[in-house]
There are 2 protein chains.
Amino acid sequence: MEKRLERIKKHLHSQSYKLTPQREATVRVLLEHEEDHLSAEDVYLLVKEKSPEIGLATVYRTLELLADLKIVDKINFGDGVSRFDLRQEGAAHFHHHLVCIECGAVDEIQQDLLGDVEAIVERDFNFKIKDHRLTFHGICYRCHDKEKQDAENEKNTETV
Amino acid sequence: MEKRLERIKKHLHSQSYKLTPQREATVRVLLEHEEDHLSAEDVYLLVKEKSPEIGLATVYRTLELLADLKIVDKINFGDGVSRFDLRQEGAAHFHHHLVCIECGAVDEIQQDLLGDVEAIVERDFNFKIKDHRLTFHGICYRCHDKEKQDAENEKNTETV
DNA sequence: GTTGGTGCAAACCATTTGCACTGGC
DNA sequence: GCCAGTGCAAATGGTTTGCACCAAC
């Protein structure tokens with residue numbers, strides 16, 4: 001954790017930005033909630049728990065800065081808020097998401113699935129790919145299991 | 001064109017919605033600008049050219065309705081506005097986009113590239129896919145060509 | 001003392017909503 | 001007459017911005 005913070009600090013310095021206490025607090029929250037796809041507001045509230053004096057605008061400015069530096073990815077699942085996701089270190093590309101349309105859960109797929117697809121796009125469309133966004137919408141394994149479970153329970157109730 | 005309008009009308013009727021003049025005007029704009037990835041505001045302005053009395057809220061409500069009925073797809077390229085795209089008739093899935101980070105142009109890929117990827121996701125993550133969003137960000141062939149051209153011109157100027 | 005960064009409040013802007021009105025069944 | 005649909009204006013809510021202030025070099 002500290003190591004990644006240190007690397008982000010260097011990354012900022014390399015572009016003549018400072019890792020101020022506010023920025024550090026924001027980055028720490030992101031590191032501690034790496035799985036969570038937090039919105040700016042979410043980040044703000046979590047930052048505030050430890051550093052109450054910090055302002056919402058600063059969090060927004062920090063997230064924007066981090067996105068510019070490609071330290072985080074700004075993503076959008078179509079629910080009116082931007083979410084921020086730490087990029088895997090060394091990952092050339094954005095990871096993918098599975099959004100559950102039942103419960104809203106968002107799971108991540110780190111593995112690169114698009115190698116072949118990208119080759120096709122670059123060749124057939126003469127398009128130089130720099131990044132991509134891939135999101136699947138559907139039913140996650142939890143809701144899937146739950147549905148089965150509910151069906152079971154239903155059956156048991158009937159037989160009582 | 002009329003045929004598609006007719007089918008959309010039937011689609012609305014099948015869910016007990018009417019194709020009012022305002023809705024028809026909105027759908028016509030979408031049909032006439034199928035390639036353009038219009039924002040709600042864009043649609044509104046175009047609708048207004050022919051039907052000045054129409055209100056912005058109505059356009060929003062119509063677009064929302066069309067999205068609910070899966071007649072259009074609501075998409076988001078990360079620039080703060082939702083865009084609306086007519087779904088190809090009979091297309092089970094959303095088509096893909098190539099967004100140019102130089103000139104902002106958005107091209108479409110209709111062909112289905114994700115068959116294999118979807119199979120992997122369904123199997124490995126036990127995730128029932130209902131829809132997907134795939135967007136590539138990079139340099140389009142136009143900007144690519146233009147850069148080459150510019151380099152050429154540069155060279156010619158030098159030798160003059 | 002200049003400058004990058006911050007906090008606050010106000011501004012912004014895409015989208016949604018309340019409400020009175022209307023036109024077709 | 002009822003009710004879906006509409007237009008307008010006001011409200012909403014996430015995000016950005018203006019500005020005074022501060023802390024570090």
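Residue numbers begin at 1 in each chain, while the letters A, B, ... track the order of the sequences. Note: hydrogens, waters and symmetry copies are ignored here, and every other heavy atom, side chains too, is used.
Distance check: A:Phe77 CZ to A:Arg133 CZ gives 9.5 Å after rounding to the nearest 0.5 Å. Interatomic distance, A:Phe136 CZ to B:Phe127 CZ, rounded to the nearest 0.5 Å: 8.5 Å.
Note on A:Glu102 versus B:Lys130: no salt bridge recorded, every NZ/NE/NH1/NH2 to OD/OE distance being 4.0 Å or above.
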Could you run through nucleotides 5-15 of chain D and give me one letter per nucleotide, 5' to 3': B if any protein heavy atom sits under 4.0 Å from the base, S if only the sugar-phosphate is that close, - if neither? SSBB-----SB
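When the P atom of D:dT16 is taken as reference, atom CG of B:Asp79 falls 12 Å away, rounded to whole Å. For the pair A:Asn76 CG and C:dT15 P, the computed distance is 11 Å after rounding to whole Å. Atom NE2 in B:His13 sits about 15 Å away from atom P in D:dA4, given to the nearest Å.
With contacts defined as side-chain heavy-atom distances shorter than 4.5 Å, the pair A:Leu114/A:His132 qualifies. Side-chain contact between A:His95 and A:Asp85: present, with at least one pair of heavy atoms (C-beta onward) separated by less than 4.5 Å.
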